[in-house]
Colleague: 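Sharing a structure, written as structure tokens. Questions coming.
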Amino acid sequence: MPELQKGLSEVVNKHIAAVGPSGIREFDQKISSIDGIVKLTLGEPDFNVPEHVKQAAIDSIKANKSHYSASRGIIELRQAISRYLKTKTNVDYDPNTEIVVTMGATEAIFSSLSSIINPGDKVIVPTPAFALYFPVVQVAGGELITIDTSEDGFVLTPEKLQKALDENGDSVKAIVLNYPSNPTGIEYTEDQLKALADIISKHHMFVLADEIYNELTYGVEHHSIASLLPDQTIVINGLSKSHAMTGYRIGYFAGPKDFVTNAAKMHGFAVTCPSNPAQYAALEALTNGLHDAEPMRQQYQKRRDYISKRLEAMGMEIALPQGAFYIFAKIPDTINETSVEFATNLAEHAKVGVVPGSAFGPGGQRYIRMSYAASDDAIKLAMDRMSTYLLDRV
């Protein structure tokens, strides 16, 4: 096996070298070899892609739609996204100039933030938050400003946002809002968004609205901040969660034309264009499958209710999720362990896999995240094992 030439180890992008691996993936991999473990770690829907969506991908292959598409994605899909976003955000996005189809929401986040940030620019991220935002900001040479929301019901308050802006001034170029949230499942109300929008509108900064879980809400209505700040908002979304299409890698971003012009360049440099079969599957999903998420949503809500009752019976405090498919549970005060220590012991002794809350930034150190995008049998077994384990410890 080849060894790197002496001296080449110093030839590296200093920003990427300073960033650690994904805390979620790293911990999942660490515990995966434990025999018999039941994992509630990854946000991977246990449902299959709807049959008519799969057939659309197959039909595109048979029709030899196998050549490069437009870099921004096939126009039919961008038109379908435009129609969908009109309904969901109440904003008209021009499919020709204001929408880009990406390789999953992950690439949409990367291309969007990378096209905004210059070295030294600051990006606000309310935490606990999806850990991907942190390295993307850092690799672009930006500075991460986190705001711990754990004492405020995991919702960013106007007061804390204003304080961060007062302290950091014009160097703040963007704020990331992910709701329903990964890892907490918390959703923002329309009034909460209006209060934040009132502050943001007074500053020259973008809002990166990651709304990938917008179709998975429980008893609440999803509101997009794009309807309040269309001239400052970049909407991030995709088909991975709503249609269980994680492996198809289809996401998108939408925003004002001048922003999209530059972000589309970054997208093109990174991936050239999205996969054709996946795009035609996404077109079918957004044309004839707008209600495909409903059976999944109903099942997720049942799982949420079951797992939350079981955890509360164990004496664990939770923020009841209003969306997504995660529960963020507080480690009992009687257990004096960090989230990594607790999650490691839970995996090794109870054979239950969860993600340490510390992977999601400040405010998550005494929490664990559990995904209920797993089978009912797996969830029940995990809860039974956790209950027995905690009974012996608390």
Side-chain angles (χ1 to χ4, degrees), residues 89 105 109 112-113 116-117 121-134 136-137 142-214 216-217 220-237 317-324 326-328 330 357-367 369:
T89 69
I109 293 166
S112 296
L113 285 174
I116 292 171
I117 299 170
D121 286 345
K122 298 178 181 180
V123 176
I124 293 174
V125 179
T127 59
F130 181 42
L132 174 73
Y133 309 129
F134 310 153
V136 171
V137 171
E143 181 180 340
L144 189 67
I145 305 297
T146 60
I147 301 178
D148 184 349
T149 66
S150 59
E151 299 298 323
D152 304 297
F154 299 111
V155 171
L156 176 62
T157 65
E159 294 78 15
K160 286 190 175 179
L161 173 59
Q162 187 63 64
K163 183 174 183 291
L165 290 170
D166 289 343
E167 291 174 350
N168 294 282
D170 293 340
S171 60
V172 176
K173 304 303 181 185
I175 179 171
V176 177
L177 292 179
N178 167 225
Y179 61 99
S181 163
N182 175 7
T184 66
I186 295 300
E187 176 71 294
Y188 281 79
T189 67
E190 187 174 20
D191 287 342
Q192 288 168 335
L193 290 173
K194 285 179 178 177
L196 296 177
D198 184 58
I199 295 172
I200 295 168
S201 66
K202 298 179 175 66
H203 296 265
H204 297 301
M205 58 186 289
F206 285 99
V207 182
L208 191 78
D210 184 352
E211 303 182 33
I212 190 69
Y213 296 100
N214 74 313
L216 302 176
T217 60
V220 297
E221 184 179 355
H222 178 81
H223 298 277
S224 177
I225 198 169
S227 65
L228 304 171
L229 297 171
D231 57 341
Q232 291 177 262
T233 301
I234 306 157
V235 176
I236 305 287
N237 211 323
E317 296 179 25
I318 64 167
L320 186 66
Q322 298 159 310
Y326 308 103
I327 282 187
F328 211 52
K330 190 174 183 181
S358 58
F360 305 96
Q365 289 82 352
R366 287 283 297 165
Y367 289 82
R369 189 199 75 174

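Bear in mind the structure is a predicted one, so any value in this text is a computation, not a measurement. All residue numbers refer to positions in the sequence shown, counting from 1.
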Colleague: Examine distances only and state if a side-chain atom of Lys160 and a backbone atom of Asp148 form a donor-acceptor pair shorter than 3.5 Å.
Modeller: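 Yes; judged by distance alone, with no hydrogens or angles, the pair exists.
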
Colleague: Enter the distance from Lys173:NZ to Glu143:CD here, rounded to the nearest 0.5 Å.
Modeller: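 Output value for this atom pair is 12.5 Å.
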
Colleague: So, do Leu193 and Leu228 sit near enough that their side-chain heavy atoms are less than 4.5 Å apart?
Modeller: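 When only atoms from C-beta onward are counted, Leu228 and Leu193 do touch, with a gap below 4.5 Å.
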
Colleague: Leu208 and side-chain contact (heavy atoms from CB on, under 4.5 Å): which single residue from Val123, Ile236, Ile175 fits?
Modeller: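 For Leu208, the side-chain contact (heavy atoms from CB on, under 4.5 Å) test succeeds with only one of Val123, Ile236, Ile175, which is Ile236.
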
Colleague: Other residues, nucleotides and ligands only: do more than 12 of their heavy atoms fall within 6.0 Å of CD on Glu167?
Modeller: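 Enclosed.
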
Colleague: Are Phe360 and Phe130 near enough that their ring centres are under 6.0 Å apart?
Modeller: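 No; Phe130 has its ring centre 6.0 Å or more from that of Phe360.
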
Colleague: Is any side-chain heavy atom of Val207 closer than 4.5 Å to one of Leu177?
Modeller: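 Yes, their side chains come closer than 4.5 Å.
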
Colleague: Before giving the answer on salt bridge (charged side-chain N to carboxylate O under 4.0 Å, His left out), spell out for Lys163 and Glu159 the whole-Å C-alpha distance, their side-chain angles and the decisive distance to 0.1 Å.
Modeller: CA-CA 6 Å; Lys163 183 174 183 291; Glu159 294 78 15; over 6 Å; no

Colleague: Got a donor-acceptor contact below 3.5 angstrom from the Gln365 side chain to the Gly363 backbone?
Modeller: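 Checked: pair present.
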
Colleague: Mind listing the closest non-hydrogen atom pair of Met205 and Ile200 along with its distance?
Modeller: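 Smallest heavy-atom distance, with atoms named: CG-CG2, 4.0 Å.
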
Colleague: My understanding is that only residues two or more places apart in sequence, or in another chain, count here; which of them pass side-chain hydrogen bond (donor to acceptor under 3.5 Å, both in side chains) with Tyr188?
Modeller: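 With neighbours one apart ignored, the set is empty.
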
Colleague: Are any of the side-chain heavy atoms of Ile186 and Gln322 separated by less than 4.5 Å?
Modeller: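 Yes, their side chains come closer than 4.5 Å.
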
Colleague: Contact between Ile145 and Val125 at the side-chain level, heavy atoms closer than 4.5 Å - yes or no?
Modeller: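 In short, these two side chains do not touch, never coming nearer than 4.5 Å.
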
Colleague: Taking all non-hydrogen atoms of both residues into account, name the closest pair between Ser201 and Gln232 and its distance.
Modeller: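 What the structure gives for the nearest pair is CA-OE1, 3.3 Å.
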
Colleague: Where the side chain of Asn168 meets the backbone of Ala164, is there a donor-acceptor pair that is under 3.5 Å apart?
Modeller: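 Yes: the side chain of Asn168 pairs with the backbone of Ala164.
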
Colleague: Measure from the side-chain N and O atoms of Asn237 to the backbone N and O of Glu211, and report whether any donor-acceptor pair falls under 3.5 Å.
Modeller: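 The answer is yes, because a donor-acceptor pair under 3.5 Å joins these two groups.
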
Colleague: If we count only N and O atoms by modelled type, under 3.5 Å, do the side chains of Asp210 and Tyr133 hold a donor and an acceptor together?
Modeller: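 Side chains of Asp210 and Tyr133: pair found under 3.5 Å.
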
Colleague: Would you indicate whether Asp170, at its atom CG, is surrounded by more than 12 heavy atoms from other residues, nucleotides or ligands within a distance under 6.0 Å?
Modeller: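 12 or below, so no.
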
Colleague: Once the angle between the rings of Tyr367 and Phe154 is folded into 0 to 90°, is it parallel (under 30°), tilted (30 to 60°) or perpendicular (over 60°)?
Modeller: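 Aromatic pair Tyr367/Phe154 classed perpendicular.
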
Colleague: If I take atom CG from residue Asp231 and atom OG1 from residue Thr233, how far apart are they, to the nearest 0.5 angstrom?
Modeller: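 One finds 7.5 Å between CG of Asp231 and OG1 of Thr233.
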
Colleague: Judged by modelled atom types alone, do Thr189 and Asp191 share a side-chain donor-acceptor pair under 3.5 Å?
Modeller: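 There is no such pair between these side chains.
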
Colleague: Could you check whether Ser227 and Ser224, counting side-chain N and O atoms only, form a donor-acceptor pair closer than 3.5 Å?
Modeller: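 The answer is no; no qualifying pair exists.
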
Colleague: Pro126 pairs by side-chain contact (heavy atoms from CB on, under 4.5 Å) with which of Thr149, Leu196, Thr146?
Modeller: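 It is Thr149; the other options fail the test.
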
Colleague: Once side-chain hydrogen bond (donor to acceptor under 3.5 Å, both in side chains) is applied, do any residues pair with Asp166, and if so which ones, sequence neighbours excluded?
Modeller: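 So Asp166 forms a side-chain hydrogen bond (donor to acceptor under 3.5 Å, both in side chains) with Gln162.
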
